[in-house]
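Written below as structure tokens is the structure these notes are about.
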Amino acid sequence: MSEAYFPVESGALGPEENFLSLDDILMSHEKLPVRTETAIPRLGVFFPDRSGGQENDNTILQVSLLAWSLCRKTTTSEGPRGLEAKSPCSCLVQGSKLEIPLWLAKGLFDRKRRIVSVELPKIYQEGWRTIFSADANVVDLHKMGPYFYGFGSQLLYFDSPENADISQSLLQTFIGRFRRIMDSSQNAYNEDTSALVARLDEMERGLFQTGQKGLNDFQCWEKGQASQITASSLVQNYKKRKFTDMDD
């Protein structure tokens with residue numbers, strides 16, 4: 001029986017996400033704090049009062065679509081052109097702080113035009129990096145961000161002066177947590193593992209599941225329940241061709 005969905009490997013740890021991967025699609029919608037470096041026309045109506053209330057998902061969607069079209073087509077290095085503000089509130093002023101999806105932040109980020117600048121989320125700042133370096137195992141990564149490693153790797157796209165520290169922190173955090181994750185996966189046979197994976201980010205959960213599969217396969221092999229080893233189809237086809245040649 002064929003599976004309804006064949007998992008596609010994530011590309012989040014590389015330079016670009018894989019948009020055939022469900023994990024990467026979800027990760028790219030995580031919110032990222034940014035500051036506008038130039039006035040953006042026609043977006044002020046979505047934020048009439050920056051000091052009151054918070055934008056909802058519908059507002060973010062509207063802002064995402066409009067900002068993408070306006071900033072790609074009408075913004076130059078000197079600022080917006082061809083779209084003059086008709087009223088004081090129709091323009092999103094320079095210096096406004098927003099939270100937008102990662103995919104939109106990457107689209108608007110331009111080293112020459114300076115449309116937006118990205119601020120590091122708290123979990124990747126120096127204070128949290130110090131906690132990770134002390135003992136990464138005490139942190140609930142899933143609560144702080146279910147795609148901690150993938151999202152952190154994508155932050156390197158924005159050329160922050162802290163990029164080297166961020167990448168080193170991600171690596172050392174993974175190294176520090178890896179052994180405990182694999183030990184847990186190898187010592188939990190036929191029992192509830194929900195408590196063991198509750199504090200893991202999505203990539204770590206994938207590692208845990210891989211360890212569990214290895215443990216279950218080994219237990220089946222020890223009990224003689226493993227599937228029978230058969231010759232590869234390539235070998236069988238090769239033998240058929242060889243016999244055909246001998247008959248000729």
Side-chain angles (χ1 to χ4, degrees), residues 7-35 54 57 60 64 97-109 116-186 188 193-214:
V8 178
E9 184 177 356
S10 170
L13 297 181
E16 292 292 339
E17 309 96 315
N18 183 348
F19 285 104
L20 295 177
S21 167
L22 293 181
D23 283 335
D24 282 8
I25 293 173
L26 293 173
M27 184 271 295
S28 67
H29 281 74
E30 291 288 314
K31 302 293 179 57
L32 187 63
V34 301
R35 181 192 299 270
Q54 295 182 350
D57 290 339
I60 287 292
S64 300
K97 292 184 177 181
L98 309 171
E99 284 194 349
I100 60 178
L102 172 65
W103 66 265
L104 180 60
K106 292 181 70 173
L108 294 178
F109 181 75
V116 296
S117 59
V118 174
E119 300 180 3
L120 288 179
K122 290 183 179 179
I123 194 172
Y124 300 101
Q125 294 178 6
E126 184 177 1
W128 275 99
R129 296 200 300 265
T130 303
I131 296 175
F132 287 127
S133 63
D135 187 0
N137 289 293
V138 303
V139 182
D140 185 344
L141 281 190
H142 199 268
K143 180 180 179 180
M144 302 304 297
Y147 299 97
F148 173 76
Y149 297 104
F151 193 81
S153 297
Q154 292 303 308
L155 291 179
L156 305 180
Y157 175 86
F158 299 105
D159 292 340
S160 167
E162 300 183 54
N163 274 2
D165 295 329
I166 294 173
S167 59
Q168 185 66 18
S169 176
L170 292 174
L171 178 60
Q172 293 303 319
T173 299
F174 178 76
I175 293 173
R177 292 168 64 94
F178 177 78
R179 182 171 181 175
R180 177 173 292 187
I181 293 170
M182 298 311 295
D183 284 349
S184 299
S185 70
Q186 296 297 297
T193 60
S194 58
L196 296 175
V197 301
R199 298 165 63 87
L200 307 182
D201 102 314
E202 292 299 322
M203 188 182 78
E204 292 175 337
R205 289 184 177 187
L207 287 174
F208 185 90
Q209 292 172 1
T210 300
Q212 283 274 279
K213 182 179 183 303

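If you read the sequence from its start, that first residue is 1, and numbering goes on from there.
With a 4.5 Å cut-off on side-chain heavy atoms, P121 and L155 count as touching. Using a 4.5 Å cut-off on side-chain heavy atoms (C-beta onward), S28 and Q154 make no contact. When side chains are defined from C-beta on, M27 counts as touching L102, because their heavy atoms get closer than 4.5 Å. Looking only at side-chain heavy atoms (C-beta outward), T173 and F148 come within less than 4.5 Å of each other.
Here the CZ-CG distance, from F151 to L170, works out to 11.5 Å after rounding to the nearest 0.5 Å. Between the CG atom in L32 and the NZ atom in K106 there is a gap of 11.0 Å [rounded to 0.5 Å]. With values rounded to the nearest 0.5 angstrom, D24 atom CG is found 8.5 Å from Y147 atom OH. Atom CH2 in W128 sits 12.5 Å away from atom OG in S133 (nearest 0.5 Å). The structure places CG of L98 at 11.0 Å from NZ of K31, a figure rounded to the nearest 0.5 Å. Rounding to the nearest 0.5 Å places CD of E162 at 14.0 Å from CD of Q168.
By the 30° and 60° cut-offs, the orientation of the rings of F109 relative to F158 is perpendicular.
In terms of heavy atoms, L120 sits closest to S160 at CD1-OG, 4.3 Å. The nearest pair of heavy atoms linking F178 to L207 is CD1-CD1, 4.1 Å. When every heavy atom of D201 is checked against every heavy atom of G145, the shortest pair comes out as CB-O, 4.1 Å. Listed here is the closest heavy atom pair of M182 and G211: CE-CA, 3.9 Å. Pairing each heavy atom of L200 with each of R177, the nearest pair is CD2-NH2, 3.7 Å.
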- Should Y149 and E204 be marked as a side chain to side chain donor-acceptor pair (under 3.5 Å) after you check the CA-CA gap, both sets of side-chain angles, and the distance that decides it? CA-CA 9 Å; Y149 297 104; E204 292 175 337; 2.7 Å; yes
- Item | Stepwise side-chain contact (heavy atoms from CB on, under 4.5 Å) check, K143 with R199 | CA-CA 7 Å; K143 180 180 179 180; R199 298 165 63 87; over 6 Å; no
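At least one donor-acceptor pair under 3.5 Å links the side chain of S167 to the backbone N or O of N163. At least one donor-acceptor pair closer than 3.5 Å links the side chain of Q212 to the backbone N or O of A188. With N137 contributing its side chain and G176 its backbone, the two residues share a donor-acceptor pair below 3.5 Å. Side chain of Y124 to main chain of I166: no donor-acceptor pair is present (N/O by atom type, distance under 3.5 Å, no hydrogens or angles). Side-chain N or O atoms of R35 include none that pairs as donor or acceptor with a backbone N or O of E119 at under 3.5 Å.
Crowding of Q125 atom CD: a count of heavy atoms from other residues, nucleotides or ligands under 6.0 Å exceeding 12.
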